[in-house]
A.B. asks: 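Below is a structure I'd like to ask you about.
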4 protein chains.
Amino acid sequence: MARPKTEDKRKRILQAAVKVFARKGYFAARVSEIAKKAGVADGTIYLYFKSKEDILVRLFDEVMAEQAEEMGKVVRNLPAAPERLRAIAERHLRALGGNRDLAVVFQVELRQSTQFMARFTASWLGDYFALITDVIEQGQREGVLRADLNKKVATKAFFGALDEMVTSWIIGGKGYDLAQLAAPVVDLFLRGAAVSKKSAPARPALAAVATGRGGR
Amino acid sequence: MARPKTEDKRKRILQAAVKVFARKGYFAARVSEIAKKAGVADGTIYLYFKSKEDILVRLFDEVMAEQAEEMGKVVRNLPAAPERLRAIAERHLRALGGNRDLAVVFQVELRQSTQFMARFTASWLGDYFALITDVIEQGQREGVLRADLNKKVATKAFFGALDEMVTSWIIGGKGYDLAQLAAPVVDLFLRGAAVSKKSAPARPALAAVATGRGGR
Amino acid sequence: MARPKTEDKRKRILQAAVKVFARKGYFAARVSEIAKKAGVADGTIYLYFKSKEDILVRLFDEVMAEQAEEMGKVVRNLPAAPERLRAIAERHLRALGGNRDLAVVFQVELRQSTQFMARFTASWLGDYFALITDVIEQGQREGVLRADLNKKVATKAFFGALDEMVTSWIIGGKGYDLAQLAAPVVDLFLRGAAVSKKSAPARPALAAVATGRGGR
Amino acid sequence: MARPKTEDKRKRILQAAVKVFARKGYFAARVSEIAKKAGVADGTIYLYFKSKEDILVRLFDEVMAEQAEEMGKVVRNLPAAPERLRAIAERHLRALGGNRDLAVVFQVELRQSTQFMARFTASWLGDYFALITDVIEQGQREGVLRADLNKKVATKAFFGALDEMVTSWIIGGKGYDLAQLAAPVVDLFLRGAAVSKKSAPARPALAAVATGRGGR
DNA sequence: AATGAATGAGAGTTCATTCAT
DNA sequence: AATGAATGAACTCTCATTCAT
């Protein structure tokens, strides 16, 4: 029964870290404050993590591992590329929209330095990008996505759009439901902003859906 | 001509700061290193800037003021919304793609903290977003952009896509020409990733899938 | 007995500070030198004191608290005003004459600024003045001290005389016994410097006491 | 006509220094602030003074030279020791009571360090003490002052009493006339605080003088 | 004589990390 | 495993002084 208590402590430290990093920023965050919030002694943190930076790294890794697994499941359960993209967007926005502190850490604190970013890109973010690229590729093979699309550009544009939704949501602090933006974002990604040259007066039905909210 | 030497010194400090911030990151950057690289004494920096943070802030403000002005000119000289978006994208990518160090500072260092970000958003970034939103609105009025588009979401998606191009370019370190991505990004933004349903009889089945509902 | 080591460390820092302040002066004193002399790390000082200034303030407060208590006891155990004044003078001179470094800190370093002085006056020095004034008042009521005396002026003159004995002793550096000056100072304060017009050939006994040494 | 302007500048610097030292304290005083208040450039100060400390030293020396001369005159013009002491006290208190800023510098700033104090004592203060001692000695020879008095102790007590009047006046900040304390202080010094045992009815005339006012 | 931009040495303080208990 | 007192390296900024003009 030693493990559960131990695991509990580790988790408490991680949760405390999310809060402190989010409120103060990684550099201004004090290890002693994380310890205090986690209800452990300063030194105890070093029984579970190598260093302050290690806390941030593990945080990212663990959240990402969880997300990656679920993301994989979700995608596998859907057949067509558009639905898959929609599901990805929704998960992405729901995961971060559900925990503002975590979102702050992911959007802001994890981007402290080129080295940090390069490292994360190399590990999890690379996988995420690969997942999106795969779906796009599949869409192209199946003929639902334009074959003349540059896959990499499309992948980055897709991710960049989602990423910006999250960042704006954090900064805006308006508290709207982030996940609701999944639909309009994916719709825009698929159909584009321009009026389809041959399409008639546009579909009023869809318009109603796509409009709606979407705070800044 | 009263202080060419003085202005020169100020500029040298700013340029040195870009380099040092880019290589070390804002926090790890040492004021003394900036001074050394600028060829001035440590104390001299404080004749031109209030603090280390002030250097970063001025850097951002001055680059942004310059960009904002040129961005305004560029947009005013073009009539249609699509061309304007293309011009914005090109300027955006060219401005950052032309100076990797500056790009690093803008993509990474300036996003150190929510406070920093909120502050920059409030000043220049807000104007930039407004400019994009205006162009989109105009396009909607003129009937070239879909009227059922959520302007804010579209603005963020547009910016987010560009932003991610820059970030990926920095991290990739591959050294390709960033500005070349302007065309595909804008094309994707305008036409979308999906195959246009009516342009060619297309595959009805798949088209139905791509249309689908508006999501959630 | 929970923290003999801790208390010991605090005391060692205070003692080291007295020495360093006395030799170098408050401003020129280096925190690192105090730490070294106390046998602790620089940072350790900040576990016990808020700042360099705080060391000085605590030093004063703690010495004064101790002195004030003993001074009160001494005075309460003596009935007549003259004896009480004599006891005060003796304690005052003995307290500072027993530790030259401490005396330097009290006579010189603590008077660095009007703010410092005002602050100390407001706290302990005010109490000390009040004690002296009380004794003088009592003497007047009892008819041993002249009723036409301005109490406040007398209080300041009494304190000023003692204070100057200490200062001169410090600067002179001759190393005589400061406490021996208590008798002549109080004698002068009580009887005055002038020849008592009606008093006969003067009292040889007291003269012997008042003369003695007391070099500057 | 070069000299007057130059002398004027030197004087302006000295006057500015008195104000700044008094308000900020010697250490916190900024040379640039003195320059600004004197209406000269920072560098100009170094044409007239060797260093910041030199300003303080000159300040003291010049004021003291002036005072010493006048003090000498005053004393020479009076025959008896008691009158001379009264004149000294009055000059002392009037000189400092007439210029609070100067008084602050003399009472507080000049006592920054044992070295400072020792130095000043060695030069002017030593002369001042010698003057007082001489007068006391003379009084003893003439039989107006007690022969059994320790001259040095009496000198210090006399000076200390005056010194404390000034310090209290500065700290109190009440703004009463400092010079008015000369009479009661000297009266106390000469006649003492105790009721003269044999002079029963006491001298009403002197009593009236000794009472009077006398700020806090 | 006067200027004031430039210099650069210098120190208080913080805080991640360690380690004796 | 847990503690938390102790460590000490590290860094921004200030300001007396200089010197080219």
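Chain naming here is simple, since letters A, B, ... match the order of the sequence lines and numbering starts at 1 in each. All figures in this text were calculated on a predicted structure; none of them were measured in a lab. What you see below is based on every heavy atom in this structure, not just the backbone, and it leaves out hydrogens, waters and symmetry mates.
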A.B. asks: Classify every nucleotide of nucleotides 14-19 of chain F by which part a protein heavy atom approaches to under 4.0 Å, writing B for the base, S for the sugar-phosphate alone and - for neither, in 5'-to-3' order.
C.D. replies: BSSBB-

A.B. asks: Heavy atoms within less than 4.0 Å of DNA chain F: which residues of residues 13-25 of chain B have one? Give them sorted by number.
C.D. replies: none

A.B. asks: With Asp101(B), which residues qualify under side-chain contact (heavy atoms from CB on, under 4.5 Å), at least two apart?
C.D. replies: Val18(B), Lys19(B), Ala22(B), Arg23(B), Asn99(B)

A.B. asks: Between Tyr48(B) and dA5(E), is there a contact of a side-chain N or O with OP1 or OP2 at under 4.0 Å?
C.D. replies: no

A.B. asks: Can you tell me how far C1' of dA1(F) sits from CZ of Phe49(A), to the nearest Å?
C.D. replies: 15 Å

A.B. asks: Is it the case that the side chain of Arg111(D) and the backbone of Val105(D) share a donor-acceptor pair, with hydrogens and angles ignored and the cut-off at 3.5 Å?
C.D. replies: no

A.B. asks: Just how far is it from atom CG of Leu59(A) to atom CD of Glu109(A), taken to the nearest 0.5 Å?
C.D. replies: 11.0 Å

A.B. asks: Give me each pair satisfying salt bridge (Lys or Arg N to Asp or Glu O under 4.0 Å) with a member in residues 32-45 of chain B, each pair once, sequence neighbours excluded.
C.D. replies: Lys24(B)-Glu33(B)

A.B. asks: Within the structure, does a side-chain N or O atom of Lys9(C) lie under 4.0 Å from either OP1 or OP2 of dA5(F)?
C.D. replies: no

A.B. asks: Measure the OH-OG1 distance between Tyr48(D) and Thr44(D) for me, rounded to the nearest 0.5 Å.
C.D. replies: 7.5 Å

A.B. asks: Kindly compute the distance separating CG (Asp8(B)) from CZ (Arg12(B)), expressed to the nearest 0.5 Å.
C.D. replies: 5.0 Å

A.B. asks: Applying side-chain contact (heavy atoms from CB on, under 4.5 Å), name anything that partners Val31(C), two or more places apart in sequence or on another chain.
C.D. replies: Ile45(C), Tyr46(C), Lys52(C)

A.B. asks: Nearest-Å distance, CG (Asp54(C)) to P (dG12(E))?
C.D. replies: 14 Å

A.B. asks: Under the salt bridge (Lys or Arg N to Asp or Glu O under 4.0 Å) rule, what pairs show up with a residue in residues 57-67 of chain D, not counting sequence neighbours?
C.D. replies: Arg10(D)-Glu62(D), Asp54(D)-Arg58(D)

A.B. asks: Rounded to the nearest angstrom, tell me the gap between atom CG in Asp8(A) and atom P in dA1(F).
C.D. replies: 15 Å

A.B. asks: Measure the spacing between NZ of Lys50(C) and CD1 of Ile55(C) and express it to the nearest 0.5 Å.
C.D. replies: 11.5 Å

A.B. asks: Name the orientation class of the two ring planes belonging to Phe27(A) and Phe27(B) (parallel below 30°, tilted from 30 to 60°, perpendicular beyond 60°).
C.D. replies: parallel

A.B. asks: My understanding is that only residues two or more places apart in sequence, or in another chain, count here; which of them pass side-chain contact (heavy atoms from CB on, under 4.5 Å) with Thr121(A)?
C.D. replies: Leu125(A), Ile171(B)

A.B. asks: Which angle, to the nearest 10 degrees, lies between the helix axes at the two ends of the helix from dA2(E)-dT21(F) to dT21(E)-dA2(F), each defined by five pairs?
C.D. replies: 10°

